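Given the structure is predicted, the values throughout are model-derived calculations rather than measurements. Atoms within a ligand are numbered from 1 in the order they appear, just like the ligands themselves.
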Amino acid sequence: MAGGGNAIRGSRVGAGPMGEAERGEAAPRQAVTYFCANSHRSVITFSVEAAVPDSWDCPKCGLPAGLDSENAPPAPKIEPYKTHLAYVKERRSDKEAEVILDEAIQQLRSRRKSGEIIF
Ligand SMILES: [Zn+2]
């Protein structure tokens with residue numbers, strides 16, 4: 001780093017995470033409201049020195065929440081995609097199961113017709 005270091009280092013250490021805030025004097029705060037896709041309002045308190053992030057995980061449902069109440073960030077697409085895949089798989093195995101059952105019944109019927117008994 002260029003420059004005469006000491007003052008910068010000192011202020012960085014002093015503004016560190018929790019220590020300073022607990023003294024309660026030197027850490028002014030700002031309350032920021034985030035909105036998620038489930039219409040939760042979450043007020044998160046930051047130090048005024050902190051950069052306020054554009055999005056924050058909603059503490060109530062875990063979805064990403066944004067600063068704009070009219071435009072909450074959409075839920076991540078991972079979950080619907082998984083659900084869709086599972087849905088397709090379910091339908092497939094249902095169909096397969098139906099076919100297998102059907103075949104089994106037909107075999108059973110045709111064998112019974114021919115008088116063959118299987119146990
Ligand atoms: Zn939420």
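R41 approaches K60 most closely through the heavy-atom pair O-NZ, 3.1 Å. Residues F35 and A72 share a closest heavy-atom pair of O-CB, 3.6 Å. Heavy-atom minimum distance, C61 versus N38: SG-ND2, 3.4 Å. The nearest pair of heavy atoms linking A37 to L63 is CB-CD1, 4.1 Å.
Residues V32, Y34, I44, F46, V52, W56 make up the rest of the hydrophobic cluster containing L67, defined by ILVMFWY side-chain heavy atoms closer than 4.5 Å, directly or through other members.
The backbone N or O of T45 lies less than 3.5 Å from no partner atom in the side chain of Q30, so there is not a single donor-acceptor pair.
Around the Zn ion (ligand 1), the protein contributes the following N, O or S atoms at distances under 2.8 Å: C36 SG, H40 ND1, C58 SG, C61 SG.
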